[in-house]
Amino acid sequence: MATQSVSRKFLTMNDLEKNYNPKRTEDKIYEMWEKSGVFEPKIESSKKPFTIVIPPPNVTGSLHMGHALNNTIQDILIRRSRMKGVPTLWVPGTDHAGIATQNVVEKELAKLGKSRQDLGREKFAREVEKWVQKYGDIIIGQLKKLGCSCDWSRQRYTMDSDYVEAVKAAFLHYQEKGWIYQGERVINWCIRCQTALSDIEVEHRQVDGKLWYIRYQIQKSNLKNQNENVKLKNYITVATTRPETMLGDAAVAVNPDDKRYESIIGQTVIIPIVNRQIPIIADQSVDPKFGTGAVKVTPAHDPSDFEIGERHKLASIKVIDETGKITQIKPQGFDFTGQKVLEAREKIIAELESQDLLEKIQDYTHQVPHCYRCGKKIEQLLSKQWFVKMKKLAEPAIRAVEKGEIKFVPERWEKVYLDWMKNLRDWCISRQIWFGHKIPIDGIDDVLDTWFSSALWPLAVLGWPKKTDDLAYFYPTTVLSTARDILYLWVARMIFSGLEFTGQKPFEIVYIHPTIFNIEGKRMAKSLGTGVDPLELIDKYGADATRFGLAYINTGVQDIRFDEKAIIAGRKFANKIWNIARFTILQMQNDIVKFKIELKTDDDKKITQSLNHLIASVNNDLDNFRFGQAAHSLYDFIWHDFADGYLEASKKEKNPEILLYVMVTTLKLLHPFMPYVSEEIWQKLYEQKLVAEKLLISAKWPEAG
RNA sequence: GGGCGCUUAGCUUAGUGGUUAGAGCGACUGCUUUACAUGCAGUAGGUCGGGGGUUCAAAUCCCUCAGCGCCCACCA
């Protein structure tokens, strides 16, 4: 509470607008904060810092509602921590997002009828650079509009020069450990993007397909030992969803315990059309209950077939190339070379039918892999790529979470993380796209998976591999707030990277925020016309309204059906607060203010008691990431207890000190949620010498007494 | 095939064992009450998805069924 001041220049009604006006407030206030230097923490070695690194938005486009929610959450945590007097750092930045950004630039070029190949690498790189510059700036501008109190002096980009060094250092480190290797195996290949993808960059979508039952002739000379079940048959039937891959079959596999086929294991069958001889083999991985219990094995085009192939030393015959066309496999009398997969499939089916080798066709709905960036079907094919061995990296990452050193909020995500981490395959890190970090090996012109660089974010932004003061003081960071869809792609990889390179976890708490859907429960997407632009909301209702509305509906649920009504309620609330302040300020001028808290009436006692409860519950809620609950308590107290109750009553029985005390305290509690209106009011109070601290953003946070 | 989440008033939802289940928006009825009509005072509207159980007491805990959504998985 401020000390008594004798010389106050009283404001009149006209000095305070009747309604809160965000547009006349926000930019002015933000500039004031920025100039004051409060966003940039000072290192105080005696105090434990509070650090957040922003999940760097992709420079593919502007921010969406998920970003608005996540950055509101982070700013709430940051502002509260700062007000508590803790050295508080929020590192901002952007991600080059290799494949995603390359794709959006390619889409732009396509509008002009051009491809990246038309431009060539150099010109294309310049186009990408222009895009990155433009959208990088847009994103930073949006974060500022939202009111994010990031330390802009520490702003980073995943391809700035220091970051390139960090990526190199990480790669070399893995190499020295012997964890980087080049291998030829079946990987996910996007025909449109022309690159390999890791397993988690593939989306499985349900597709209505067919199951074709095809007869493979058993070699006549081997038919002597037939048993009861196959006595009358001279063929074995396999079921497949991809008949065209039979061009590359290397075996027919059955389960070793499958009595039906016991007697013919080891015999030879002839692939129809291809006329090549392949063995019938027994492999544990075959499910006797599916289809006929016999499966054609195509090691070059299916990861599990590849493994069967390795176990049985089968040849891998690549029949589909990187453009999604049939290779120069020329069975006698046929030539499918250069034909698209579906085209070849049709011809093969027709030929099988004419040879009476197609037993039946079933409708079959199954999961088919698609590219997570361009949405096109993935081909699984044999390819030489670079991998990181995961076993040694996963172990400490599992332990850190199991021992509770890293906690997930909500807790249930811990299990999701661990399940994935315990069943990791090696990480395919090479990409054949043009935009990204070059693999630091001479003569290799591939780039790295964009997530290889994102995985280093918490350490790289603080200076690693250099031993900087920032790294020593602000690492490990405190909270990582993010969306659930990048739990594996990003969060898991930051955990093992952080532990490997520093021996310390990258963050203490992973907060997984709700996903925002539209009111029908559908994904918000610009392309579907279901997106809501947070900037438009800020323009219409103000940043505070947008932030408060988002915080208010974030009650810890998994999904949010976004309803603009919440933001409208936020706007009204901002206005309500403004008017409470207006009333209070005018009240202060009419009465002598002693700045001494004296509880005279029952109303005084009641309101200060409720306020104390409010402080306790807001603190408790925020300690536990219960943003919605905290917002609800603030709303209910301020509107109903304070305005409808105490303020009305105070018109009859005056106690301006209490009025001011409650006002000032609620402004502090509200500031992380609604920084602009609260600071704007604070400035009026400061001018009136009704508060002592110059800025609310750095005023002392209330604790329950 | 595994796992997770959700189902409360017309809409979006709060509420994790305890008096007549709250709010915002919408609807309706009054109010130019010396801050706010972005307001104030009220009214109507809910068998808390169905069924079963535990308990003195269940929207809340357990089981089960149904619907919606998400994630993982080498049934080709």
Side-chain angles (χ1 to χ4, degrees), chain A residues 13 16-22 186 199-200 203-204 209 211-214 238-243 245-246 249 252-253 255 283 285-298 301-308 364 366-367 369 380 410 412-413 415-417 419-420 423 425 484-485 487-488 514-515 517-523 541-542 545 549 552-587 590 626 628-629 631-633 635-636 639-640 643-644 647-648 650-651 659 663:
Chain A
M13 267 298 223
L16 295 164
E17 282 187 83
K18 197 170 167 187
N19 295 112
Y20 172 59
N21 187 337
V186 174
D199 294 337
I200 40 174
E203 277 179 10
H204 292 273
L211 203 51
W212 284 275
Y213 288 73
I214 305 167
V238 300
T240 182
T241 55
R242 301 206 57 186
T245 61
M246 68 192 285
D249 280 357
V252 168
N255 190 288
D283 194 279
S285 70
V286 178
D287 178 2
K289 291 193 285 294
F290 186 86
T292 61
V295 58
K296 62 191 256 340
V297 180
T298 319
H301 292 286
D302 184 285
S304 87
D305 286 9
F306 182 78
E307 283 172 16
I308 295 175
Y364 184 61
H366 61 142
Q367 300 281 327
Q380 296 183 316
R412 62 174 177 275
W413 295 106
K415 189 179 172 302
V416 179
Y417 165 89
D419 285 349
W420 186 74
N423 294 293
R425 292 178 172 216
R484 64 170 182 262
D485 55 346
L487 181 63
Y488 305 142
T515 303
F517 295 96
N518 70 7
I519 207 150
E520 278 96 36
K522 300 258 166 62
R523 193 167 276 283
Y541 307 114
Y552 190 86
I553 58 181
N554 176 13
T555 51
V557 290
Q558 188 160 295
D559 302 325
I560 289 174
R561 290 183 176 215
F562 180 73
D563 188 342
E564 202 164 312
K565 298 279 158 48
I567 311 300
I568 294 170
R571 180 183 66 151
K572 290 187 176 183
F573 187 43
N575 191 58
K576 188 73 182 177
I577 294 150
W578 177 255
N579 275 288
I580 292 170
R582 201 162 164 245
F583 177 85
T584 306
I585 289 170
L586 295 173
Q587 210 61 36
N590 298 333
R626 292 161 50 93
Q629 289 79 357
H632 277 90
S633 306
Y635 185 95
D636 292 342
W639 203 303
H640 302 299
D644 294 346
L647 192 145
E648 284 303 323
S650 80
K651 286 175 181 173
L659 198 61
M663 168 94 248

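Numbers restart at 1 for each chain; the letters A, B, ... are given by sequence-line order, proteins then strands.
A/Tyr488 comes within 4.0 angstrom of the backbone, heavy atoms only, and of no base. Note on A/Asp485: nothing from the nucleic acid sits closer than 4.0 angstrom, heavy atoms only. Heavy atoms of A/Lys289 sit nowhere under 4.0 angstrom from any nucleic acid atom. Heavy atoms of A/Arg425 sit under 4.0 angstrom from at least one base atom. Nucleic acid contact class of A/Arg571 (heavy atoms, under 4.0 Å, all strands): base. At the heavy-atom level, A/Ala569 lies under 4.0 Å from the strands shown only through sugar-phosphate atoms. Residue A/Arg484 is classed as a sugar-phosphate contact, given heavy-atom separations below 4.0 Å to backbone atoms only. As judged by a 4.0 angstrom heavy-atom cut-off over every strand, A/Val557 is placed among residues touching the sugar-phosphate backbone only. If you check every strand for non-hydrogen atoms under 4.0 Å, A/Trp212 touches nothing. If you check every strand for non-hydrogen atoms under 4.0 Å, A/Tyr364 touches sugar and phosphate atoms only. Contact annotation for A/Gly293: base contact, defined as any heavy-atom pair under 4.0 Å involving a base atom. A/Leu647 comes within 4.0 angstrom of a nucleotide base, judged by non-hydrogen atoms across all strands. Using a 4.0 Å heavy-atom cutoff across all strands shown, A/Tyr635 reaches sugar-phosphate atoms only and no base atom. Using a 4.0 Å heavy-atom cutoff across all strands shown, A/Phe562 reaches no nucleic acid atom at all.
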Apply the test side chain to side chain donor-acceptor pair (under 3.5 Å) to residues A/Asp636 and A/His640: give CA-CA distance (whole Å), side-chain angles for both, the deciding distance (0.1 Å), then the verdict.
CA-CA 5 Å; A/Asp636 292 342; A/His640 302 299; 4.6 Å; no
Might you work through the side chain to side chain donor-acceptor pair (under 3.5 Å) test for A/Asp249 and A/Thr298, ending with a clear yes or no?
CA-CA 4 Å; A/Asp249 280 357; A/Thr298 319; 2.8 Å; yes
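Across B/U20 and B/A59, the matching C1' atoms stand 16 Å from one another, rounded to whole Å. For the P atom pair drawn from B/C56 and B/G51, the interatomic distance equals 23 Å after rounding to whole Å. Of the P atoms belonging to B/A73 and B/C62, the separation is 29 Å, rounded to the nearest Å. Here the separation of B/U32 from B/U47, taken at their C1' atoms, is 44 Å to the nearest Å. Between the C1' atoms of B/G46 and B/A9, the separation comes to 5 Å (whole Å). Straight-line distance between the P atoms of B/U19 and B/C25: roughly 27 Å, to the nearest whole Å. Nucleotides B/U33 and B/C48 have their C1' atoms positioned 38 Å apart, rounded to a whole Å. With both ends at atom P, the span from B/G10 to B/A27 equals 15 Å, rounded to whole Å.
One interatomic measurement links the two molecules: OH of A/Tyr417 to C1' of B/C72, which rounds to 16 Å at whole-angstrom precision. Atom CZ in A/Phe517 sits about 11 Å away from atom C1' in B/C6, given to the nearest Å. Rounded to whole Å, atom C1' of B/G5 lies 13 Å from atom NZ of A/Lys415.
Not one N or O on the side chain of A/Arg484 forms a donor-acceptor pair closer than 3.5 Å with the backbone of A/Pro514.
Residues A/Gln629 and A/Gly291 each lie close to RNA chain B; by heavy-atom proximity, the contact nearer the 5' end of the strand is made by A/Gln629. Closest-nucleotide positions on RNA chain B for A/Tyr20 and A/Leu211 were compared, and the one nearer the 5' end corresponds to A/Tyr20.
Pair assignment for B/G22 gives B/U13, based on Watson-Crick or G-U wobble hydrogen-bonding distances that are each under 3.5 Å. Base pairing of B/C36 is not made with any nucleotide, judged by Watson-Crick or G-U wobble geometry with both donor-acceptor distances under 3.5 Å. Pair check for B/A27 finds B/U43; Watson-Crick or G-U wobble, both atom distances under 3.5 Å. With a 3.5 Å ceiling on both atom-pair distances, the Watson-Crick or G-U wobble partner of B/C4 is B/G69.
For the OP1/OP2 pair of B/C40 and a distance below 4.0 Å, the side-chain nitrogens and oxygens of A/Lys576 include at least one atom meeting the criterion. Taking only side-chain nitrogens and oxygens, A/Trp413 never comes nearer than 4.0 Å to OP1 or OP2 of B/C72. Look at A/Lys572 and you won't find any side-chain N or O under 4.0 angstrom from OP1 or OP2 of B/A37. Taking only side-chain nitrogens and oxygens, A/Arg412 never comes nearer than 4.0 Å to OP1 or OP2 of B/C4. Within the structure, a side-chain polar atom (N or O) of A/Lys18 is placed less than 4.0 Å from OP1 or OP2 of B/A37. Proximity of A/Thr241 to the phosphate of B/A76: no side-chain N or O atom is located under 4.0 Å from OP1 or OP2.
One finds no salt bridge joining A/Lys296 and A/Asp302 here, because no Lys/Arg side-chain nitrogen approaches an Asp/Glu carboxylate oxygen to under 4.0 Å.
Remark: aromatic rings of A/Phe562 and A/Phe517 are distant, center separation not under 6.0 Å.
Donor-acceptor pairing under 3.5 Å, judged by distance alone, is present between the side chain of A/Glu648 and the base of B/A35.
A parallel orientation is assigned to the rings of A/Phe573 and A/Trp639, their planes being inclined by less than 30° (bins at 30° and 60°).
The nearest pair of heavy atoms linking A/Pro303 to A/Val186 is N-CG1, 3.7 Å.
Residues A/Gln558 and A/Arg412 have side chains that bring a donor and an acceptor to within less than 3.5 angstrom of each other.
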